[in-house]
Asks: 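First, the structure itself, so that you have it in front of you.
Computation of the quantities below employed the complete heavy-atom set of this structure, encompassing side-chain atoms and omitting hydrogens, waters and symmetry-equivalent molecules. Residue numbers run from 1 in the order of the sequence given.
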Amino acid sequence: PDIINITNYERLLVRETIQVNEYQAFLDKWRDYDPLEVRRTETTITLDRFRFAPAQFGGLLADEASILKHYNASTREALTRFMEFGNIPYRFGATATAAPNDFIEWINYAEALGIMTGTQARAKYFIQDGNTAQKYKLMPHAKEDFYKWIASFALLIRKPSDLGFSDEGYILPPKHEHLIIISDYRVAEGEMFSRPAKSLTEQSRLKRGSLEERCQVAADLVNGRLDYGKWNITDDLSKERWIVWVKLNDEGTMLNKLIPDSIEVSGSHSEAYKERAFIDFREGRGPHVLITKIGIGGLGMNWQEYCRCSVEVSVDHSHEDAKQSRGRIYRFGQTKECHLFTIAMDTEGNILANRARKERQDDEMYNAVKKYVHTDDRIIAKQETSYKMEFTSSNPNLILPLTREALAKTDWSLFLGDSCETLAQLPDRSVGHVITSVPFPAMYAYTDSSRDIGNYDDIEQACKHMGFVFSALL
């Protein structure tokens, strides 16, 4: 099979517009490239097709695979469709932040890797969080089974000993995380005190309103105007190389003016400019302070050789951004103690609490899944079950064994199985009253079986499914 390096996921697709009368010829020509209709007018049809024929590949490796965690994201859907259409047998993903927001993000990896569909996984391990089909929570009694399932197809690794090897030579120097809280004295009109920013709108407004204060504190920190002793730091960090992480363009512009010997890398700069600035910083050349956004330089960079200090000027809810940005300098190869600063307003407690919750959840997942991975010269993921059940011809009904004698002595019978098949076996006029809860259309995933009458997409399909049950009751 061929090996192709795709650095931009969007390059996987080609979009073409053709005349309506060319449609069948186009499908015939590109049949192996999974053409998909996107838009149609009276005279033209726009289609997406894969740039490469999926079936020619024996495997797909996705680095920075956290792109797969996003539900309904176009990139995840395209990659998943590529692997499924080509029936690619070997699928591999690697990321430092597999599920930084919630456990349910693991479902998207399982679906992409061909382990289990999202409907099956949600039915087995999750329950709706409230009367909605958009939010789920892990069922408490299913936690251990969920961790076992993750361990059946994933390895969560933080150090060599997780793979059964020695940690000698890998243990990093200490990492010190420092939180700088700035008092927010701004009071909204009609109020006596400043309130915590709860909504995203309030948090965005707070970011804009506190921009100058946060940037000034960050500049004083990097320039050595703050007393490092308050954090028990004896070194003069102003002589170190720094990474300054910003969220807003205005933050980067202001800090570039406030910090001498600094360089800003923003989205408006050319790819060549960004590449040269990042390489120079990696190799210890050029300005001592690099100012950029996590979305630009927070993934894949290795700056640990010449840098051990960073400051996040603006916080948000993303545990992924925080972990990835810190990993640019606190990673294998770092030989010095690292100092990682975060600046926040005292009215941003909700953001800090949410980020801390995600970090605890990340640790919980790591420690839990690690228990189910056994190491003995090689890695063996314990798979106690396939975690998929279907009713087959060899096991069509699963009716509890009730003898004629037992039925004669009781006024009830208990059946476990496919209701459509079981009801069809009951004698006519044997059902006097029915108590049921009809499945809600496209709202709940009840089981992982494709034969479950609750697994449908719309009301028309629901009525068709329920017809098999009701016809047997009439």
Asks: Please determine if Asp48 and Arg15 form a salt bridge, counting it only when a charged side-chain N lies under 4.0 Å from a carboxylate O.
Replies: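 Yes, Asp48 and Arg15 are salt-bridged.
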
Asks: Identify, with sequence neighbours excluded, every residue that meets side-chain hydrogen bond (donor to acceptor under 3.5 Å, both in side chains) alongside Arg81.
Replies: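 With sequence neighbours excluded, Arg81 shows a side-chain hydrogen bond (donor to acceptor under 3.5 Å, both in side chains) to Asp34, given in chain and number order.
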
Asks: Quick check on the 6.0 Å ring-centre criterion: do Tyr125 and Phe146 meet it?
Replies: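 Close enough - the centres of the two rings lie under 6.0 Å apart.
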
Asks: State whether Arg357 and Glu359 are salt-bridged, where the test is any N-O pair (Lys NZ or Arg NE/NH1/NH2 against Asp/Glu carboxylate O) under 4.0 Å.
Replies: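 Looking at Arg357 and Glu359, the cut-off is not met.
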
Asks: Would you compute the distance between atom CG of Leu206 and atom CG of Asp184 and round it to the nearest 0.5 angstrom?
Replies: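 If I round to the nearest 0.5 Å, the distance is 5.5 Å.
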
Asks: When you check the gap from the basic side-chain N to the acidic O, do Asp280 and Arg276 get nearer than 4.0 Å?
Replies: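 Here Asp280 pairs with Arg276 in a salt bridge, since their nearest N and O are under 4.0 Å apart.
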
Asks: Please find the pair of heavy atoms, one from Thr95 and one from Ala65, that lie closest to each other, and give the distance.
Replies: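 For Thr95 and Ala65, the tightest heavy-atom pair comes out as CB-N, 3.8 Å.
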
Asks: Apply the side chain to side chain contact (heavy atoms under 4.5 Å, CB included) test between Ile180 and each candidate in Leu221, Thr342, Val311; give the one that qualifies.
Replies: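 Testing Ile180 for a side chain to side chain contact (heavy atoms under 4.5 Å, CB included) against Leu221, Thr342, Val311 leaves exactly one candidate, Leu221.
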
Asks: Taking Arg331 for the side chain and Leu172 for the main chain, is one N or O donor matched with an acceptor at less than 3.5 Å?
Replies: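 Checking the backbone N and O of Leu172 against the side chain of Arg331, no donor-acceptor pair under 3.5 Å is found.
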
Asks: Judged by atom type as modelled, is there a donor-acceptor pair below 3.5 Å linking the side chain of Arg40 to the main-chain atoms of Thr46?
Replies: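 Such a contact is absent between Arg40 side chain and Thr46 backbone.
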
Asks: Take Thr41 and Thr44 through the test side chain to side chain donor-acceptor pair (under 3.5 Å) and record every step on the way to the result.
Replies: CA-CA 5 Å; Thr41 68; Thr44 64; 2.8 Å; yes

Asks: Will you find, in the side chains of Ser268 and Ser266, an N or O donor that is under 3.5 Å from an N or O acceptor?
Replies: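 Ser268 vs Ser266: donor-acceptor pair found between side chains.
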
Asks: Apply side chain to side chain contact (heavy atoms under 4.5 Å, CB included) to the pair Leu179 and Leu352, showing each step before the final yes or no.
Replies: CA-CA 10 Å; Leu179 178 61; Leu352 295 174; 4.1 Å; yes

Asks: Rounded to the nearest 0.5 Å, how far apart are CD of Gln304 and CD of Gln334?
Replies: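 It is 7.0 Å, given to the nearest 0.5 Å.
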
Asks: Could you give the distance from CG (Leu237) to NE2 (His339), rounded to the nearest 0.5 Å?
Replies: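 Here the interatomic distance stands at 5.5 Å.
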
Asks: Classify the angle between the aromatic ring planes of Tyr228 and Trp231 as parallel (below 30°), tilted (30 to 60°) or perpendicular (above 60°).
Replies: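 Correct class here is tilted.
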
Asks: Do you know which two heavy atoms are closest between Phe26 and Arg49, and how far apart they sit?
Replies: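 For Phe26 versus Arg49, the nearest heavy atoms are CZ-CD, 4.2 Å.
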
Asks: For residues Ser262 and Asn256, is any side-chain donor paired with an opposing acceptor at under 3.5 Å?
Replies: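 Indeed, the side chains of Ser262 and Asn256 share at least one donor-acceptor pair under 3.5 Å.
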
Asks: More than 12 heavy atoms of other residues, nucleotides or ligands under 6.0 Å from NZ of Lys159: yes or no?
Replies: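 Yes, NZ of Lys159 has more than 12 neighbouring heavy atoms, counting only those of other groups under 6.0 Å.
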
Asks: Is it possible for you to check whether Arg158 lies under 6.0 Å from the centre of the six-membered ring of Tyr366, through NZ or CZ, and within 45° of that ring's axis?
Replies: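 Arg158 over Tyr366 ring: yes.
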
Asks: Heavy-atom count around Glu212 CD within 6.0 Å, excluding the residue itself: above 12?
Replies: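 No - once you tally the heavy atoms of other residues, nucleotides and ligands closer than 6.0 Å, there are 12 at most.
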
Asks: Which pairs with one or both residues in residues 224-234 pass salt bridge (Lys or Arg N to Asp or Glu O under 4.0 Å), sequence neighbours excluded?
Replies: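 Output for this query lists Asp220-Arg225.
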
Asks: Is there a donor-acceptor pair closer than 3.5 Å between any side-chain N or O of Glu213 and the backbone N or O of Ser210?
Replies: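 It does not hold such a pair.
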
Asks: Step by step, work out the side chain to side chain contact (heavy atoms under 4.5 Å, CB included) result for Ile291 and Trp245.
Replies: CA-CA 6 Å; Ile291 304 169; Trp245 300 109; over 6 Å; no

Asks: Taking all atoms of both residues into account, what is the closest heavy-atom pair of Ala277 and Val265, and its distance?
Replies: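 Ala277 and Val265 have their closest heavy atoms at CB-CG2, 3.7 Å.
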
Asks: Are Glu320 and Lys323 ion-paired here, with the side-chain N under 4.0 Å from a carboxylate O?
Replies: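 Judged by the 4.0 Å cut-off on N to carboxylate O distance, Glu320 and Lys323 do not form a salt bridge.
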
Asks: Classify the ring geometry of Tyr170 against Phe332: parallel below 30°, tilted from 30° to 60°, perpendicular beyond 60°.
Replies: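 Geometry flag for Phe332 against Tyr170: parallel rings.
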
Asks: What's the shortest heavy-atom distance between Met345 and Arg214, and which atoms?
Replies: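 Scanning both residues completely, I find the closest heavy atoms to be SD-CG, 3.9 Å.
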
Asks: Students often mix this up, so state it plainly: with edges at 30° and 60°, are the rings of His176 and His178 parallel, tilted or perpendicular?
Replies: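 Correct class here is parallel.
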
Asks: Salt-bridge test for Asp250 and Arg208: reply yes if a basic N is under 4.0 Å from a carboxylate O, no otherwise.
Replies: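 Looking at Arg208 together with Asp250, the answer is yes, because their closest N to O distance falls below 4.0 Å.
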
Asks: Would you give the length of the straight line joining atom OH of Tyr147 to atom CG of Leu138, rounded to the nearest 0.5 angstrom?
Replies: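 Here the interatomic distance stands at 6.5 Å.
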
Asks: With rounding to the nearest 0.5 angstrom, report the CD1 to CD1 distance, Ile45 to Ile18.
Replies: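 Ile45 atom CD1 to Ile18 atom CD1 measures 5.5 Å (nearest 0.5 Å).
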
Asks: Would you say Ser204's side chain and Thr201's backbone share a donor-acceptor pair under 3.5 angstrom?
Replies: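 Not confirmed, Ser204 side chain does not pair with Thr201 backbone.
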
Asks: Do Asn223 side-chain atoms and Ala219 backbone N/O form a donor-acceptor pair below 3.5 Å?
Replies: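 Answer holds: yes.
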
Asks: Would you tell me whether His269 and Glu264 have side-chain atoms, one donor and one acceptor, within less than 3.5 Å of each other?
Replies: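 Side-chain D/A pair, His269 to Glu264: absent.
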
Asks: Run the side chain to side chain contact (heavy atoms under 4.5 Å, CB included) check on Gln216 and Met254 step by step: do they pass?
Replies: CA-CA 9 Å; Gln216 188 60 62; Met254 180 175 292; over 6 Å; no

Asks: Taking only Lys NZ, Arg NE, NH1 and NH2, and the carboxylate oxygens of Asp or Glu, determine whether Glu177 and Arg326 approach each other closer than 4.0 Å.
Replies: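 Between Arg326 and Glu177 there is a salt bridge, with a charged N closer than 4.0 Å to a carboxylate O.
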
Asks: Hey, can you tell me if Phe52 and Phe57 have their rings parallel, tilted or perpendicular (30° and 60° cut-offs)?
Replies: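 Perpendicular, since the angle between the ring planes exceeds 60°.
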
Asks: A cation-pi test, strictly: NZ or CZ of Arg122 under 6.0 Å from the centre of the six-membered ring of Tyr136 and no more than 45 degrees from its axis. Yes or no?
Replies: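 Yes.
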
Asks: Mind checking what makes side-chain hydrogen bond (donor to acceptor under 3.5 Å, both in side chains) contact with Thr80, not counting sequence neighbours?
Replies: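 With neighbours one apart ignored, the set is empty.
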
Asks: Indicate yes or no for a side-chain donor-acceptor contact from Asp32 to the backbone of Ala53 under 3.5 Å, with no hydrogens or angles considered.
Replies: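 Here the side-chain-to-backbone pair does not exist.
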
Asks: Give, for atom CH2 of Trp30 and atom CG of Leu47, the distance between the pair rounded to the nearest 0.5 Å.
Replies: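 Reported to 0.5 Å precision, the distance equals 12.0 Å.
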
Asks: Over all heavy atoms of both residues, which pair between Val244 and Leu255 is shortest? Give the atoms and the distance, please.
Replies: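 Result for this residue pair: CG1-CD1, 3.7 Å.
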
Asks: Only counting residues at least two apart or in another chain, list the ones meeting side chain to side chain contact (heavy atoms under 4.5 Å, CB included) with Met301.
Replies: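 Listed in chain order: Phe278, Trp303, Arg328.
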
Asks: Keeping to residues at least two apart or across chains, list the salt bridge (Lys or Arg N to Asp or Glu O under 4.0 Å) pairs with something in residues 291-318.
Replies: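 Listed by first then second residue: Asp235-Arg308, Glu240-Arg308, Lys247-Glu312, Lys247-Asp316, Glu312-Arg355, Asp316-Arg355.
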
Asks: If you look only at pairs with a residue in residues 336-354, which of them pass as a salt bridge (Lys or Arg N to Asp or Glu O under 4.0 Å), with sequence neighbours excluded?
Replies: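 Qualifying pairs: Lys207-Glu348.
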
